[in-house]
Undergrad: 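First the structure, which I've put down as structure tokens, then a few questions once you've had a look.
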Number of protein chains: 2
Amino acid sequence: MGIIRKTQSVALLLDEFNTNSGAISVTTLNKRLNSNLNKSTIYRVLDKLEDDGVLHSFLGDNGIKWYAKCEGCSHDNHKDIHPHFQCVVCGKVDCLNVDIVVPKIPNREINSTEILIKGKCETCLN
Amino acid sequence: MGIIRKTQSVALLLDEFNTNSGAISVTTLNKRLNSNLNKSTIYRVLDKLEDDGVLHSFLGDNGIKWYAKCEGCSHDNHKDIHPHFQCVVCGKVDCLNVDIVVPKIPNREINSTEILIKGKCETCLN
DNA sequence: ATTATTAATGCAACTAAGTTGCAAATATAA
DNA sequence: TTATATTTGCAACTTAGTTGCATTAATAAT
Ligand SMILES: [Zn+2]
Ligand SMILES: [Zn+2]
Ligand SMILES: [Zn+2]
Ligand SMILES: [Zn+2]
């Protein structure tokens, strides 16, 4: 079930995503907001925002959970699927607007594909 | 640093990979071997086997760590990179001998790519 | 505006994966 | 057989994430 009431917690979390480009890890959100929000609340609100199609989540390096804003998703049509790029230098993670073709696999049915590309981001290249 | 002594622990762990096809999660290894091996030992031996190019590791669903045998890798040349497939029904994970082309990304340097494909495996298709 | 209803929150306690320091055990070299 | 250095078990710890429940607060009803 998604968000029902427009609470302070929801506003605070959405603000993080509106004032930052790129994805934000749950650990970062916890560090930034722990004076205002309990970690249970953070996990629960993020989960609901994902359910509503406002955010999407994925796993970054070391299996840490990241969230980023969706574009054009809703509860019913939650198809913001794309690869993610994590900089090995600064740790920043971005959504990539790139199509990667996954070939059909014999005798298997593909439901989804999670792609994490690691390398150096624009600012860390030089 | 890799394996130096041929210990009981190494033999027990290697045996798991020799008698099973596909990848094995660390949680499964811990459950199977906890009467014979301490979990610290399991983590440490797996880490060394990976360093030696005997096994490779990757993250499956929910960020759980999996290991599988390498083919033709060594400590110096550890390039057993390929996508992995996890069955959403039975949870089994396999290495895929498939090439997926990742296009160049403008202003970014790509070091590596982790691809996890989820779907139904051969035995769970029907 | 006041009250009632129910979702959302904080808190504390918990689970599970993974790590670490150190003493004891064991594989290998001498 | 003894010496040495690696490996192991253990216990204690860290961190991400979850859960039950009483309290708080947003919304609906009056
Ligand atoms: Zn960077
Ligand atoms: Zn994204
Ligand atoms: Zn299956
Ligand atoms: Zn593999």
Side-chain angles (χ1 to χ4, degrees), chain A residues 1-17 23-68 75 84 86 91 93 114 116, chain B residues 1-17 23-68 75 84 86 91 93 114 116:
Chain A
M1 190 184 38
I3 299 276
I4 294 178
R5 296 180 180 183
K6 288 175 186 171
T7 64
Q8 203 60 232
S9 313
V10 173
L12 279 169
L13 274 162
L14 283 180
D15 199 51
E16 287 296 320
F17 289 94
I24 315 178
S25 73
V26 178
T27 52
T28 298
L29 286 169
N30 269 294
K31 281 171 197 154
R32 278 193 202 155
L33 299 172
N34 81 85
S35 53
N36 301 302
L37 295 180
N38 186 271
K39 67 171 175 173
S40 306
T41 305
I42 294 176
Y43 282 109
R44 288 189 277 226
V45 170
L46 289 172
D47 195 52
K48 289 179 182 180
L49 287 170
E50 180 166 33
D51 200 56
D52 285 338
V54 176
L55 301 178
H56 63 281
S57 74
F58 55 93
L59 298 178
D61 206 27
N62 294 113
I64 287 174
K65 202 166 188 180
W66 291 70
Y67 281 89
H75 175 68
H84 293 96
Q86 181 154 26
V93 175
E114 293 167 17
L116 180 66
Chain B
M1 192 182 38
I3 299 275
I4 294 178
R5 296 182 180 182
K6 287 176 187 170
T7 64
Q8 202 60 230
S9 312
V10 174
L12 279 170
L13 274 161
L14 283 180
D15 199 50
E16 288 295 321
F17 289 94
I24 317 178
S25 73
V26 178
T27 52
T28 298
L29 287 169
N30 269 293
K31 280 171 197 155
R32 279 194 203 153
L33 299 172
N34 80 86
S35 53
N36 302 303
L37 296 180
N38 185 270
K39 66 172 174 172
S40 306
T41 305
I42 294 176
Y43 282 109
R44 288 190 277 225
V45 170
L46 290 172
D47 195 51
K48 288 180 183 181
L49 287 170
E50 180 166 32
D51 199 56
D52 284 337
V54 176
L55 301 178
H56 62 281
S57 73
F58 55 93
L59 297 179
D61 206 27
N62 294 113
I64 287 174
K65 202 166 188 179
W66 291 71
Y67 281 88
H75 174 68
H84 293 95
Q86 180 153 26
V93 175
E114 292 167 16
L116 181 66

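Numbers restart at 1 for each chain; the letters A, B, ... are given by sequence-line order, proteins then strands.
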Undergrad: Just by modelled atom types, is the Leu116(B) backbone N or O under 3.5 Å from a matching donor or acceptor in the Gln86(B) side chain?
TA: no
Undergrad: For the residue pair Phe17(A) and Tyr67(A), categorise the inter-ring angle as parallel (less than 30°), tilted (30 to 60°) or perpendicular (more than 60°).
TA: perpendicular
Undergrad: Excluding sequence neighbours, so at least two apart, what forms side-chain hydrogen bond (donor to acceptor under 3.5 Å, both in side chains) with Arg5(B)?
TA: none
Undergrad: May I have the distance from Leu13(A) (atom CG) to dA8(C) (atom P), rounded to whole angstrom?
TA: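 Rounding to the nearest Å, CG of Leu13(A) and P of dA8(C) are 14 Å apart.
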Undergrad: Taking any heavy-atom pair under 4.0 Å as a contact, classify Asn36(B): base, sugar-phosphate, or nothing.
TA: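 Sugar-phosphate, backbone atoms only, no base.
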Undergrad: For Asp47(B) and dT6(D), what is the distance between atoms CG and C1' respectively, to the nearest whole Å?
TA: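 To the nearest whole Å, that distance equals 15 Å.
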Undergrad: Could you tell me the separation between the CG atom of Leu29(B) and the CH2 atom of Trp66(B), rounded to the nearest 0.5 Å?
TA: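 So the gap between those two atoms works out to 9.5 Å.
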Undergrad: Let me confirm one number: the CD1-OG distance from Ile3(B) to Ser9(B), rounded to the nearest 0.5 Å.
TA: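 It comes to 9.0 Å.
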Undergrad: Starting at CG of Asp51(B) and ending at P of dT7(D), how long is that distance when rounded to a whole Å?
TA: 12 Å
Undergrad: Quick one: Asp61(A) CG to dA16(D) C1', roughly how many Å, whole number?
TA: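 Spelled out: CG on Asp61(A) to C1' on dA16(D) is 15 Å.
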Undergrad: Taking CG from Leu46(A) and P from dA8(C), how many angstroms apart are they, rounded to a whole number?
TA: 14 Å
Undergrad: Round to the nearest Å and state the distance from Leu29(B) atom CG to dA16(C) atom P.
TA: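 Going from CG in Leu29(B) over to P in dA16(C) covers 17 Å.
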Undergrad: Tell me the interatomic distance from Leu49(B), atom CG, to dT6(D), atom P, rounded to whole angstroms.
TA: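 To the nearest whole Å, that distance equals 17 Å.
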Undergrad: Within the structure shown, what part of the strands sits under 4.0 Å from Lys48(A) by heavy-atom distance: base, sugar-phosphate, or nothing?
TA: sugar-phosphate
Undergrad: Would you indicate whether Glu16(A), at its atom CD, is surrounded by more than 12 heavy atoms from other residues, nucleotides or ligands within a distance under 6.0 Å?
TA: yes
Undergrad: For the pair made of CD1 in Ile42(B) and P in dG9(D), what is the distance, rounded to whole Å?
TA: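 One finds 9 Å between P of dG9(D) and CD1 of Ile42(B), rounded.
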Undergrad: One character per nucleotide, please: for nucleotides 18-30 of chain C, 5' to 3', B when the base has a protein heavy atom closer than 4.0 Å, S when only the sugar-phosphate does, - otherwise.
TA: BBBB----BBS--
